[in-house]
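Only one structure is covered here, and it is reproduced in the block below.
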2 protein chains.
Amino acid sequence: MTRTHPTIAEVARRAGVSPATVSRVLNGTARVSQEKVRAVLRAIEELGYTPSPLAQSLAKGRSYAVGILLPDFGSPFYGPILEAITLELEPTPFRPIAVPGHWSLVRELEALDFLKGHRVEAIVLLGTSLEASALEPLGVPILAFGQRLLGPRTWSLVLNNREAAYRATRYLLEKGHRHIAHISSHRGGMDVRERLLGYRKAMREMGLAPRVVYGNLQEDGGYEAARELLARFPDTTAIFAANDQTAIGARLYLFERGLAVPEDLSLVGFDDIPLAAYQVPPLTTVRQPAREVGRALAQALKDLLQGETPSLSPIPLQLVERGSVKEVRA
Amino acid sequence: MTRTHPTIAEVARRAGVSPATVSRVLNGTARVSQEKVRAVLRAIEELGYTPSPLAQSLAKGRSYAVGILLPDFGSPFYGPILEAITLELEPTPFRPIAVPGHWSLVRELEALDFLKGHRVEAIVLLGTSLEASALEPLGVPILAFGQRLLGPRTWSLVLNNREAAYRATRYLLEKGHRHIAHISSHRGGMDVRERLLGYRKAMREMGLAPRVVYGNLQEDGGYEAARELLARFPDTTAIFAANDQTAIGARLYLFERGLAVPEDLSLVGFDDIPLAAYQVPPLTTVRQPAREVGRALAQALKDLLQGETPSLSPIPLQLVERGSVKEVRA
DNA sequence: GACCATCTTGCAAGCGCTTTCATACCCTGC
DNA sequence: GCAGGGTATGAAAGCGCTTGCAAGATGGTC
């Protein structure tokens, strides 16, 4: 603390009242006479006083903090969700404290420790690979997005990824494609595996052989996966990628190979990150609406912190048709 | 605090020592006999004890927290910088606490208050429009990126945007372009204005009339700006955008208009966000390396917090040539 | 064996705030 | 004029931790 902040005692002295009274006007926890209220307010103003949340938390016995664990602040998918949650939490007394797990389990566990230390009253898990066993000892309610976690005081917001992936694949099938590949990943969580399952189901139903390669859910992985894909299955006419970053990476490889999208190959992504609509051609993808996900998560958080059971109605996943898919004749 | 955490007193009781001793082994602030160390460690282990940073901060009189103010967690430019700073700070005892200003001055001021309340020991400003006058009363050292701030205990990391913009424009000129437009913004900070100045200078030197339109530094603004641009200056052959998001937005408009990049129009961005290299064609842009910026900022932070004057050597801005610019004959 | 230096340890105060409890005060009603 | 019931306020304890201070223990020296 560079320059020492004024304390409640100083405010009290200046206003000619006791610290207790200052606290009461600050929190509105008891009636205080008009004149003292005024005196206190003036003293606060003059001193530029800001109460210390640290001390408040300690005294009140609660932190009003909620932890949000996400893979990476730079993620085009999780970043906007974090932003949305933060925005929704603004009008509440609760403050998010966001920590990145940097895509590593160790870091995620460290982050958890950190949050535990800070006595967060709940934790939101975005795209982590944590297991229930690591969470239970925290003794804090958990809200997970994208993975199904079971345990006491644990809730999950999981959207129907399998169904959405199934529909996305069906969509390609209906457009006449038969040689459809999927770029999945070993790195992702349950949602990524579900997408693979949905793809498989659609292919199986048509008696088609699935073609699956794996990336890292990042652009470079998508690029490499596309290379592998075309080497192994040169007659592929459509690619369904497990996320938009992968699709965008794949698209660059196609471009470099001189393959046009959608004329030579059709492409479908997943997530609908902000930049998806601005790709050339605009990327057809399954939309996971960050804003709504953030809202739902924040709402569940509020319920949770008021001791209620959170209502987590799943958000429908919509395929948004843009320009990266072409109809082909059989 | 859902389930009450064990306190230092419980650990002490269990280990058969005083709380002071536990504190000493925790902090290594004094010698403690081997056997007691072991007893304490065991007790900590058994109880699953984690010290409360809140209480520690209060008692120590310092928070070990640094505030990081950025416009938006979802920003493809600032997100990665935040990530980089966080990563660099990991091995230090300092913890970043990031708050978004949501592109609004009021919010930024609120965020500042929040940070002040939390007794952060320093504040990093990323892309804000705050003025020195709002910062001074905080009494905390400030580190600004992208804007030059003067004041006591205030430092700025400002890269030579004007020069880089000048060179980017020169680059286009050397490629034979003469009808070069710039998409700027009223919304940005000093760096955006500097880019405009650099562009102007290059154009003036060649006796060319500048063509400037304005966006909001987001994709949609770039799209709209491109529309306006082509309406007002149909013979434009190259666009230099104030940032990559703008360039990407503009590019979509060109695409919809049936204009090819770079065949019909060349495009240059600024920032080199992660997705820039994956655009089609890959976007030629001025690189502001997030990783290095983060590192420099974190290093300055460490210096600062150790009472030293931070050394902020500017990072060179490089034009990275990719595929969105074509040479034209005069 | 007395004395002193050194090391380990506990006591207690204090960090900035909240909150319980008790006190002092004022008003009402008889 | 006094008992009774509110109401506004302050004193003080306590939240979980650190740290200055002093006491006790240990060992070495003359």
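Computation of the quantities below employed the complete heavy-atom set of this structure, encompassing side-chain atoms and omitting hydrogens, waters and symmetry-equivalent molecules. Protein chains get the first letters and strands the later ones, always in sequence-line order, with residue 1 at the start of each. Remember, it's a predicted structure, so these values are computed and weren't measured experimentally.
Among pairs with a residue in residues 25-47 of chain A, none fulfils ring-ring contact (aromatic ring centres under 6.0 Å, His included), at least two apart in sequence or across chains. Evaluation of the ring-ring contact (aromatic ring centres under 6.0 Å, His included) test over residues 47-66 of chain A, restricted to residues two or more places apart or in two chains, returns A/Y64-A/F94.
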Can you give me the N/O atom pairs linking the protein to nucleotides 25-27 of chain C at distances under 3.5 Å, or say none if there are none?
none

Protein-nucleotides 5-13 of chain D N/O pairs closer than 3.5 Å?
residue, atom, partner, partner atom, Å
D/dA8, OP1, A/R31, NE, 3.0
D/dA8, OP2, A/R31, NE, 3.3
D/dT9, OP1, A/S33, OG, 2.7
D/dT9, OP2, A/S33, N, 2.8
D/dG10, OP2, A/S18, N, 3.0
D/dG10, OP2, A/S18, OG, 3.1
D/dG10, OP2, A/T21, OG1, 2.6
D/dG10, N7, A/R24, NH2, 2.6
D/dG10, O6, A/R24, NH1, 3.3
D/dG10, O6, A/R24, NH2, 3.4

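Separating the CG atom of A/L58 from the C1' atom of D/dG14 is a distance of 9 Å, rounded to the nearest angstrom. Residue B/Y49 contributes atom OH, which lies 10 Å from atom P of D/dG16 at whole-angstrom precision. Rounding to whole angstrom units, CG of residue A/N27 and C1' of C/dC17 are separated by 9 Å. Regarding A/I44, its CD1 atom lies at a distance of 10 Å from the P atom of C/dC17, rounded to whole Å. In this entry the distance linking CG of B/L26 with C1' of D/dT19 reads 14 Å, nearest Å. As a whole-Å value, the separation of B/Q34 CD from C/dT9 C1' is 16 Å. Regarding A/R119, its CZ atom lies at a distance of 6 Å from the P atom of D/dC17, rounded to whole Å. Rounded to an integer number of Å, the gap from B/E10 CD to D/dG16 P is 8 Å.
Under 4.0 angstrom from either OP1 or OP2 of C/dG16 there lies no side-chain N or O belonging to A/Q56. Here B/S23 reaches the OP1 or OP2 of D/dT18: one of its side-chain N or O atoms lies under 4.0 Å away. Within the 4.0 Å cut-off from OP1 or OP2 of C/dG16, not a single side-chain nitrogen or oxygen of A/S52 is found.
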List, one per line, each side-chain donor-acceptor pair under 3.5 Å for residues 302-309 of chain A, sequence neighbours excluded.
residue, atom, partner, partner atom, Å
A/D303, OD1, A/Q299, NE2, 3.1
A/Q306, NE2, A/E308, OE2, 3.4

Residues 288-295 of chain B side chain polar contacts: donor-acceptor under 3.5 Å, at least two apart:
residue, atom, partner, partner atom, Å
B/Q288, NE2, B/D271, OD1, 2.9

Check residues 65-76 of chain A and write down every donor-acceptor pair under 3.5 Å in which the side-chain atom is one partner and the other belongs to a residue at least two apart or another chain.
residue, atom, partner, partner atom, Å
A/D72, OD1, A/G74, N, 2.6
A/S75, OG, A/F77, N, 3.1
A/S75, OG, A/Y78, N, 3.0

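Legend: residues meeting salt bridge (Lys or Arg N to Asp or Glu O under 4.0 Å) with B/E10, ordered by chain and number and at least two apart, are absent. Listed by chain and residue number, nothing satisfies the salt bridge (Lys or Arg N to Asp or Glu O under 4.0 Å) test with A/R193 (two or more places apart in sequence, or in another chain). A/E131 pairs by the salt bridge (Lys or Arg N to Asp or Glu O under 4.0 Å) definition with nothing, not counting sequence neighbours. The side chain to side chain contact (heavy atoms under 4.5 Å, CB included) test applied to A/V32 returns A/T21, A/R24, A/V25, A/K36, A/V37, not counting sequence neighbours.
Note on the helix from C/dG1-D/dC30 to C/dC30-D/dG1: terminal axis deviation equals 60°, with five pairs used at each end and the result rounded to 10°.
No side-chain N or O of A/H102 forms a donor-acceptor pair with one of A/E108 less than 3.5 Å apart.
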_Trace of the side chain to side chain contact (heavy atoms under 4.5 Å, CB included) decision for A/L135 with A/L112_ = CA-CA 8 Å; A/L135 269 10; A/L112 240 32; 3.5 Å; yes
